[in-house]
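Before any comments, here is the structure.
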Amino acid sequence: MKIHILLSAALLAGSLGAQMLDPAKLLKPPTDTWPTYNGDYSGRRFSPLARINASNVTAMSLAWVFRAGTGPGAGGSNTQIKATPLEVNGVLYFAVPDYAWAVDARTGRELWRYKWETRGGIHIGNRGFGMYGDWLYFETPDNYLVCLNAKDGTERWHVEIADVKQEYFSTPAPVIIRNHVIVGVGGDSLDVPGYLESRDPETGKVQWRWNTTPRKGEPGAETWPNKDAMEHGGGMTWMPGTYDPELNLYYLGTGNPNPVMAGQGRKGNNLWTCSIVALNPDTGKMAWYFQSSPHDTHDWDAVQTPVLIDGEVDGKPRKLLAQASRNGYYFLLDRATGKNLVSKPFIPINWSKGVDSRGEPVPDPDKEPKTDGTLVIPGANGATNWPAPAFSPKTGLMYVNSQESYSLFYLTDTDEKPEGYGGRDSGLWWKSMLTALDYKTGKIRWRHTYDGRGSGMSGVLTTAGNLVFAGDPVGNLIAFEAATGKILWHCRLTAPVANGPMTYELDGRQYLVVGSGDLLYGFTMLR
Amino acid sequence: MAYPVWRSRVRVCLGALLLSALPLYLIAQAPSGGRGQKKSPPARRNFLISRAVPDPAAVERGQKLFVADCGFCHGSKANGGENGPDLVRSVLALQDEGGDQIGPVILKGRTEKGMPAFALTSGQIKDIAAFLRARQQAAIDRNAYKIQNVATGDPKKGKAYFESKCGSCHSPEGDLKGIAGKYDPVALQSRFLYPESHARRGAGGNRIPTPVTVTLASGRRISGELEYIDDFNVALRDSSGEYHSFERGAGVKVEVKDPLAGHLALLKQYTDQDMHNLTAYLVTLK
């Protein structure tokens, strides 16, 4: 029986070309393939697999471990796997700054390693690959988009997407939509403007560019005091977005404005920083926006996954988008129009005076950073951060690793035209928890507060097996019962989970893969 | 919080066995590149600064030159003025290496924009380039930003607040005697808000000892100082220095006495004004 399964799998793989990604896989929930950063376009991180489930997960055990060995070099000695690996035809593909790997998804055996010779840039993380046919795409700290051959890891080409000398650095996983390779940039050290680009998968040439801040005379310019402020206004595009093929809209959360904590030189709402935007992936034209944090001064990027939910409102089916935002609000929007349906804090906050008629928070000026310090909830790390949440259509719950926290925010640059961060924050106290929110209301259905002390937050995965997988702040990978939050299984890893757990099925066997420090762990059921 | 009954005990043990074999596995997985095994990566000033840090003497010379020759238009801090653009954020100045980009502009001027030519030597141009790089890096290096005066509140109101809320544990003549001589006002402010944030980050001071008592299903009680806790395990060191580690299974009771519970309760109550007043009072305890 087993031989038959193996043979048919091999034949199927052979008919497609051994490593090639069938584009149809991009439009289906992830089962034998995990072809994008979030598993599919929806950003739900929901797997329909249920071989590992709430009734048998206690028998899940280690299958293999792979070490992402970079050795001495630009990646530093503190490598963390923040990428969610792709899994295509039995091979895992992932990256850390300057390095990329292909690993056998059944055994954890290295197939190839690629090294990028860096020209600099902040080496803080890499979120992995996008894949198009036989080709893999990833970004480097010095802002190159690199195209590799999935078969052997050889480089096909590289193109520069931003200037490292202007303090850009790049971390996101490119998102592939048809023949568009959508790439974002990062870097908020020195007041550079953010943008998103679509690149040609064959040549790397620019197809379109969308600026996260308006240029003079464009719509949105009225939310900035002058040309200089908006052209140095930040708004980085450092996380992959989500996509609705029916509406043909790409959804992206944008980063914080610059200067980061000194808002006196950029009075106004500062569009389209800290916003959720809907873009046409063929043209880069914006269909609508919703600003999660108008005039942010607390480094609260709104890059958290815009999760696409096909749900119900008032008994009618509705295309929805949910974001558990770093500023502490849960937002539910109509993803066709951007109309706000819910804005509700999921963690205590003290910086907002409520929401306006569009459902956007109104920041309290008294809680902006001050020279003598302002006590702000949540702290700078946020109520949540970039690690991915998950949504289960089975439970109707959105699972968010989150924190209750306090920080002091200091304004250090009082110049009328401040620079860089223009301020500092000092984290005082924090407590980490996994929060399960009712997607329709944003109400907390259950919450597990971790006893482990630490500041990290991992990504989350949920499955049709009534399970939620998440990491705690000290290094436990935990399986929760999705409906109730009851803990069913755990394993202490060598370091806190640094990426989002992912899962796939091969030869009738379900695997769970998670990154912890520089180790990639593969789990499966005991034989 | 409820802890599940460990149906998975055997599996967890098996997992531990597999993990204990890990070091050997890691050796097998070590990178096999042809580069020699260097001991550690090259030291960096910090992770935010990825370009060479200029020589301070050159920066100083460059600053003098800049203020005298360029400051009138570009501002003495190089962040722009009435007639000249910001050079800290200037793409040309950021792309510059040792004057290779700004040099030609300085020597030829940009007469169409009203900038005259300056007859500077290549050494002087290098010094100005060093000054501009230092200005850029000062903006980039947020961890080095200087926090200004934080003792802005009313010390009398701070004293009254202290006496009503803090006096049951602390006294200005006792444990806090001379505290303002020990910590600068910025450190003092975050320490009274929540002392452990510093210990956690290793910014001086030890972790504040947390008493814990573990009662096992058998009724045996062990008390000591908390070493580690998560949802599944707890570890402590008893008064004789012995280390004890326990699984938090059924019937195991863990009582942690948070020595900072009072600080946390107040943290949730302070207004910014309360905080400023307290800081203004505490800085008087020299």
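Proteins get letters first, then strands, A, B, ... in listed order; numbering begins at 1 in each. These figures come from a predicted structure and were not determined experimentally.
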Item to complete: Please flag which part of B:Leu226 lies under 4.5 Å from any non-hydrogen atom of chain A: side chain, backbone, both or neither.
Response: side chain
Worksheet item: Below 4.5 Å, heavy atoms only, C-beta onward: do A:Asp163 and B:Gln95 meet side chain to side chain?
Response: yes
Item to complete: Quick one: pull up CZ in A:Phe169 and CZ in B:Phe47 and give me the separation to the nearest 0.5 Å.
Response: 7.5 Å
Worksheet item: For the residue pair B:Ser190 and A:Ser426, what are the closest heavy atoms and their distance?
Response: CB-OG, 4.1 Å
Worksheet entry | Shortest non-hydrogen contact between A:Thr371 and B:Ile147, atoms and distance | O-CG2, 4.2 Å
Practice prompt. Please look at B:Asn149 and chain A and tell me whether the side chain, the backbone, both or neither of the residue comes under 4.5 angstrom of a heavy atom of that chain.
Written response: backbone
Practice prompt. State, with a plain yes or no, whether a side-chain heavy atom of A:Arg492 is found less than 4.5 Å away from one of B:Asn233.
Written response: no
Discussion item. Quick check against the 3.5 Å criterion: does B:Arg142 have a side-chain atom that pairs as donor or acceptor with the backbone of A:Arg424?
Written reply: no
Discussion item. Is any side-chain heavy atom of B:Val234 closer than 4.5 Å to one of A:Asp451?
Written reply: no
Fill in: Short N-O contact, A:Lys370 and B:Asp272, less than 4.0 angstrom
no
Discussion item. When you measure from the side chain of B:Gln148 to the backbone of A:Asp372, do you find a donor-acceptor pair of N or O atoms at a distance under 3.5 Å?
Written reply: no
Fill in: Contacting region of B:Leu260 [heavy-atom separation from chain A under 4.5 Å]
neither
Worksheet item: Side-chain contact, heavy-atom cut-off 4.5 Å: B:Leu94 with A:Leu190?
Response: yes
Worksheet entry | Aromatic plane relationship, A:Trp429 with B:Tyr194 - under 30° parallel, 30 to 60° tilted, over 60° perpendicular | perpendicular
Worksheet, complete the sentence: When every non-hydrogen atom of A:Asn476 is compared with those of B:Asp230, the smallest separation belongs to ND2-OD2, 2.7 Å
Worksheet entry | Test item: A:Tyr421 side-chain N/O and B:Tyr145 main-chain N/O as donor-acceptor pair under 3.5 Å | no
Item to complete: Count the heavy-atom pairs under 4.5 Å between each of B:Leu264, B:Thr279, B:Leu48, B:Val254 and chain A, then report the option with the highest count.
Response: B:Leu264
Worksheet item: Does any non-hydrogen side-chain atom of B:Val88 lie less than 4.5 Å from one of A:Lys417?
Response: no
Practice prompt. Answer yes when A:Glu231 and B:Arg89 have at least one side-chain N-carboxylate O distance shorter than 4.0 Å, and no when they do not.
Written response: no
Fill in: Pick from A:Met261, A:Glu419, A:Glu167, A:Lys165 with the largest number of heavy-atom pairs that fall under 4.5 Å of chain B
A:Lys165
Fill in: Heavy-atom side-chain contact between B:Tyr228 and A:Val474 under 4.5 Å
yes
